[in-house]
Asker: 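Sharing a structure below in structure tokens format, with a few things to ask.
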Amino acid sequence: MKVAPSILSADFGNLARDVEEICNGGCDLVHVDVMDGHFVPNLTIGPVVVSSVAKAATKPLDIHLMVENNTFFVELFAPLKPEYISFHIEEEKHPHRLIQKIKSYGIKAAIVLNPHTPPESIEFLLEDLDMVLLMSVNPGFGGQSFIESVIPKAKRLKALRDRINPNCLIEVDGGVSDQNVHTLKEAGVDVVVAGSYVFKQEDRAQAIKSLQV
């Protein structure tokens, strides 16, 4: 299991320190939540802060857009050369076009599904995707409880993925801990995002290791 700690739960007064700590602690990706206050009722960080995160990180960035104007934000963050940029299918009128735009920058493209969105909604996009992110909380805020229905949803997505594009990774974000990571792995999940679980523990390297099952 790959682990992508979410900096949403980091100490923003000591952001570079926290990013360096999780990278040195063995994380696989650094998950960056970008919220615009419109698609979700929260406002987080822009390119200046993400640029600082990129400088401090020795692991690739996984940028998760929770925004209304996806194309604008893709163009904003593409120069930072993250490993992944993910966008919500619920907010994009032309997802195939946006996937190709992300890939044109040499960045891997991912789509995010909110808790209510069925995996079948992206069946005809899967062949072009590098990753699908399943939300196991309602997007917008850290520290929420895990929504159990993501488990059968991940299994359905895995069946689709295995048939159409076996190289596409499945990621889950929200309420992930050592209590549910084994169940997620059994459901076919490849990457977990963990914010509160990692950053609220004194030994963050151990927290990361406990998720790498």
Side-chain angles (χ1 to χ4, degrees), residues 1-11 18-33 53 56-64 66 82-86 108-115 117-119 122 126 129-139 141-213:
M1 182 71 77
K2 292 183 178 182
V3 178
S6 169
I7 64 163
L8 187 63
S9 298
D11 176 359
D18 278 9
V19 170
E20 288 168 5
E21 187 176 349
I22 59 171
C23 290
N24 294 335
C27 76
D28 300 283
L29 297 161
V30 177
H31 192 80
V32 180
D33 292 300
V53 171
T58 53
K59 299 294 175 70
L61 299 191
D62 174 23
I63 295 181
H64 174 192
M66 287 171 262
E83 181 91 357
Y84 295 94
I85 291 181
S86 58
K108 293 174 182 173
I111 277 183
V112 194
L113 304 183
N114 273 341
T117 306
I122 58 164
L126 263 176
L129 290 171
D130 297 291
M131 186 164 70
V132 178
L133 169 53
L134 302 179
M135 295 303 300
S136 45
V137 296
N138 288 294
F141 298 93
Q144 298 181 67
S145 298
F146 182 78
I147 296 173
E148 294 286 341
S149 60
V150 78
I151 300 298
K153 187 173 172 180
K155 291 177 180 177
R156 278 165 55 182
L157 175 59
K158 181 181 184 298
L160 273 177
R161 185 273 309 268
D162 290 353
R163 176 167 60 85
I164 297 168
N165 180 7
N167 294 320
C168 179
L169 300 181
I170 298 173
E171 183 176 41
V172 165
D173 179 1
V176 172
S177 72
D178 59 345
Q179 299 301 302
N180 52 31
V181 70
H182 288 88
T183 307
L184 288 167
K185 180 162 185 161
E186 288 166 9
V189 176
D190 307 292
V191 187
V192 287
V193 177
S196 304
Y197 176 74
V198 169
F199 283 104
K200 286 186 177 177
Q201 294 198 39
E202 200 166 309
D203 189 341
R204 291 167 179 174
Q206 182 54 42
I208 291 166
K209 188 177 180 182
S210 72
L211 299 175
Q212 290 168 326
V213 294

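A quick note: this is a predicted structure, and the numbers were derived from the prediction, not measured. One is the number of the first residue; the rest follow in order along the sequence.
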Asker: To the nearest 0.5 Å, how far apart are CG in L157 and CD1 in I122?
Answerer: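 If I round to the nearest 0.5 Å, the distance is 5.5 Å.
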Asker: Would you confirm whether R204, through its side chain, and I22, through its main-chain N or O, come within 3.5 Å as a donor-acceptor pair?
Answerer: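 No, R204 side chain to I22 backbone: no donor-acceptor pair under 3.5 Å.
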Asker: Does any pair with a residue in residues 181-196 pass side chain to side chain donor-acceptor pair (under 3.5 Å), and if so which ones, sequence neighbours excluded?
Answerer: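 Passing the test, one end in residues 181-196: R161-D190.
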Asker: Is S136 reaching over with its side chain to a backbone N or O of V150, donor-acceptor style, under 3.5 angstrom?
Answerer: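 No.
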Asker: Are F146 and V137 side-chain neighbours, meaning at least one heavy-atom pair lies under 4.5 Å?
Answerer: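 Sidechains of V137 and F146: no contact.
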Asker: Under 3.5 Å, side chain of D33 to main-chain N/O of L8, donor-acceptor pair present?
Answerer: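 Looks like no, no N/O pair under 3.5 Å.
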Asker: Does the K59 side chain pair with the main chain of L29, one donor and one acceptor, at a distance under 3.5 Å?
Answerer: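 Checking the backbone N and O of L29 against the side chain of K59, no donor-acceptor pair under 3.5 Å is found.
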Asker: Distance-only, no hydrogens or angles: does the N180 side chain make a donor-acceptor pair with backbone N or O of S177 under 3.5 Å?
Answerer: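 At least one qualifying donor-acceptor pair exists.
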Asker: Look up atom CD in E21 and atom CD1 in I208, then write down how far apart they are to the nearest 0.5 Å.
Answerer: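 Answer rounded to 0.5 Å: 8.0 Å.
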Asker: Taking K2's backbone N and O only, do any of them form a donor-acceptor pair with Q212's side chain (distance below 3.5 Å, no angle check)?
Answerer: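 A pair under 3.5 Å: no.
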Asker: Measuring from K153:NZ to E148:CD, what's the distance to the nearest 0.5 Å?
Answerer: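 So the gap between those two atoms works out to 14.0 Å.
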Asker: So, taking the atom named CD1 in I63 and the one named OG in S86, what distance separates them when rounded to the nearest 0.5 Å?
Answerer: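 If I round to the nearest 0.5 Å, the distance is 9.0 Å.
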Asker: How far does CD1 of I147 sit from CG of N138, to the nearest 0.5 angstrom?
Answerer: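 Reported to 0.5 Å precision, the distance equals 4.5 Å.
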Asker: Do Q201 and V198 come close enough that some side-chain heavy atom pair is under 4.5 Å?
Answerer: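 The answer is no, as the side chains (C-beta and beyond) never meet within the 4.5 Å cut-off.
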Asker: If you measure only the distance, is there a donor-acceptor pair under 3.5 Å linking the side chains of H64 and D62?
Answerer: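 No, no side-chain donor-acceptor pair sits under 3.5 Å.
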Asker: Return yes if a side-chain donor-acceptor contact under 3.5 Å exists between Y197 and S9, otherwise no.
Answerer: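 Their side chains do not contain a donor-acceptor pair, so the 3.5 Å distance test is not met.
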Asker: Below 4.5 Å, heavy atoms only, C-beta onward: do L113 and V132 meet side chain to side chain?
Answerer: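 Contact flag for L113/V132 side chains = yes.
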Asker: Indicate yes or no for a side-chain donor-acceptor contact from D173 to the backbone of M135 under 3.5 Å, with no hydrogens or angles considered.
Answerer: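 No; zero donor-acceptor contacts below 3.5 Å.
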